[in-house]
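These notes concern the structure reproduced below.
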Protein chains: 2
Amino acid sequence: MASATAESLDEETSTIADRVFGQVRQAIVEGEIPAGSKLSEPALAARYGISRGPLREAMRRLESTNLVERRPNLGARVITLSNDELLEIYVIREALEGMAARIAAQRMSDAAIADLKGLLEQHRREVARADWQTYFQKEGDLDFHFRIVQGSGNRRLIDILCNDLYHLARMYRCQFGMKSDRAADALKEHELVADAIAERDGELAEWLMRRHIRASRRAIERRLAGER
Amino acid sequence: MASATAESLDEETSTIADRVFGQVRQAIVEGEIPAGSKLSEPALAARYGISRGPLREAMRRLESTNLVERRPNLGARVITLSNDELLEIYVIREALEGMAARIAAQRMSDAAIADLKGLLEQHRREVARADWQTYFQKEGDLDFHFRIVQGSGNRRLIDILCNDLYHLARMYRCQFGMKSDRAADALKEHELVADAIAERDGELAEWLMRRHIRASRRAIERRLAGER
DNA sequence: ACCGGAATAAGTGTCGACAACTATGGCATC
DNA sequence: GATGCCATAGTTGTCGACACTTATTCCGGT
């Protein structure tokens, strides 16, 4: 539900390769197929009841989305997201979503902005109900970011974030259950961004969004440092 | 030569699909396969002397890099980069390369910075020799951007820019021969960015890089407006 | 002459089988 | 007992053939 991608793969797509691409991606993201595990073509083909041809096409797409690593004649493995790579993603998100917020402040419709504020209202109630675990774990966070990116109207920007980076972020959350204490802070930062967009202040919206993502990255850095 | 990608596909790669992926990509980028043309699987397979299996895998990769559009049961076509999509790419480059310049100012080695300055020195001589066509047409421009991005050390950032966006930029240049009169301006802007990086001023480097790419985008906007 | 529909052709999607390469295990040798 | 080599099994890479969908063409009807 929260994982609304640009394309709609959820239902029955016309080609098997596309459908199984989405299925394997979901299995990887949700941890059903553990990170770092080898992806045997015969095994996967049998699991999804298809031949190796379409499966290999799906693997090629997974390779392009950087969810699996493939080495010729050796096979494919699910990536193991190292700490550095995770932080790299946040750097890119800071740049890209900052720009998205700037443009969204110019281009988002009043109705979309109202919707966005409604979403934040709902999030505020959830946080107040003290079950703020849901805010992060149910990925309401990504929902917010998703709408801003959509609001930019830049198709390629939407594509990069929604089809690549967000899946990696979700994969990370499913692996290490997000027990962040940043829920309240993050919500407040979201509201600031939304306000800037509502006031059509692109410059401020970008600045706030970048600050927000940087803060998330720092929280992760702290957690990673504390774990060892 | 200027098209040094992250992976080295130029030589003989172990798998056919990877090799023909690079070949078709080059053919598309350089205009050998015209934009908007249909890509028939049997025809391409015959042209490269391979079977349709590996070819389809290559097409899947081309689809992921957004160089071809594919619709189920209908086949694949080379994308036709509309004016809007071209401008969208510059927006993303502004965000991403700005961030790259910021990080490069922190992480680039002194030797790499010296190399960068040497490259600009060479470009200055070319521009002075009045054959400044070469500066843009021979893609010295992309060379500069390429080094900055490399200097960021962010692998995913490098991947997005070098394997997706730069090929699209090159494709655009091959289609509409770049007759820009911005060569001198662009070179000066490049030098300012390099100076900021040499002084390890990340904030300034990002600001200058964004301003530079925005100026390039505006030049294209003007050209597009003047053409109709 | 124009329109609609069926037959045909072309192209995409899928499959099973063969070839090439890599990894694992056993055997002989030092 | 350890090491290097060979055989074997398993996996990946590639191919050709078949099924199904889409486009084209030709024919008959109005």
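Every chain is numbered from 1 and lettered A, B, ... according to where its sequence line falls, protein lines coming before strand lines.
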Rounded to the nearest angstrom, tell me the gap between atom [atom1] in [X] and atom [atom2] in [N].
| X | N | atom1 | atom2 | answer |
| --- | --- | --- | --- | --- |
| A/Glu57 | C/dC15 | CD | P | 11 Å |
| B/Arg56 | D/dG13 | CZ | P | 17 Å |
| A/Arg71 | C/dA23 | CZ | C1' | 13 Å |
| B/Glu41 | D/dC15 | CD | C1' | 15 Å |
| A/Leu39 | D/dT11 | CG | P | 13 Å |
| B/Leu55 | C/dT14 | CG | C1' | 16 Å |
| B/Phe21 | D/dT14 | CZ | C1' | 19 Å |
| A/Tyr48 | C/dT14 | OH | P | 16 Å |

Consider the side chain of [X], meaning its heavy atoms from C-beta on, and name the nucleotide among [options] that approaches it most closely.
| X | options | value |
| --- | --- | --- |
| A/Leu74 | D/dT14, C/dC15, C/dA23 | C/dA23 |
| B/Ile16 | D/dT14, D/dT12, C/dC15 | D/dT14 |
| B/Pro42 | C/dT12, C/dC15, D/dT12 | C/dT12 |

Give a yes/no answer on whether the side chain of [X] brings an N or O atom under 4.0 Å of OP1 or OP2 in [N].
| X | N | result |
| --- | --- | --- |
| A/Arg60 | D/dG13 | no |
| B/Arg70 | C/dG13 | yes |
| A/Thr15 | C/dT14 | yes |
| A/Lys38 | D/dT12 | yes |

Looking at B/Asp141 and B/Arg173, is there a salt bridge between them, counting it only when a charged N and a carboxylate O are closer than 4.0 Å?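 Salt bridge present between B/Arg173 and B/Asp141.
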Is a donor-acceptor contact shorter than 3.5 angstrom present between the side chain of B/Arg52 and the base of C/dG13?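 It does, because a donor-acceptor pair links the side chain of B/Arg52 to the base of C/dG13 below 3.5 Å.
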Taking C-beta and beyond as the side chain, do A/Val24 and A/Tyr48 meet within less than 4.5 Å on heavy atoms?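 Yes, close enough: below the 4.5 Å cut-off.
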Determine whether a donor-acceptor pair (N or O, by modelled atom type, separation under 3.5 Å) exists between the side chain of B/Arg70 and the backbone of B/Ala76.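 Such a contact is absent between B/Arg70 side chain and B/Ala76 backbone.
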Could you check whether any side-chain N or O of B/Arg77 sits under 3.5 Å from a backbone N or O of B/Gly36, counting only pairs where one atom can act as donor and the other as acceptor?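 Yes.
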When all nucleic acid strands are considered with a 4.0 Å heavy-atom cut-off, which category describes B/Leu44: base, sugar-phosphate, or nothing?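 The residue B/Leu44 makes no contact with any strand.
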For A/Gly53, which contact category applies under a 4.0 Å heavy-atom criterion: base, sugar-phosphate, or nothing?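 Counting heavy atoms under 4.0 Å across all strands, no contact is made by A/Gly53.
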Return whichever of A/Asn73 or A/Gly49 has its heavy-atom-nearest nucleotide of DNA chain C closer to the 5' end.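 It is A/Gly49, whose closest nucleotide lies nearer the 5' terminus.
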Would you call the rings of A/His190 and A/His145 parallel, tilted or perpendicular, where under 30° means parallel and over 60° means perpendicular?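 Perpendicular, since the angle between the ring planes exceeds 60°.
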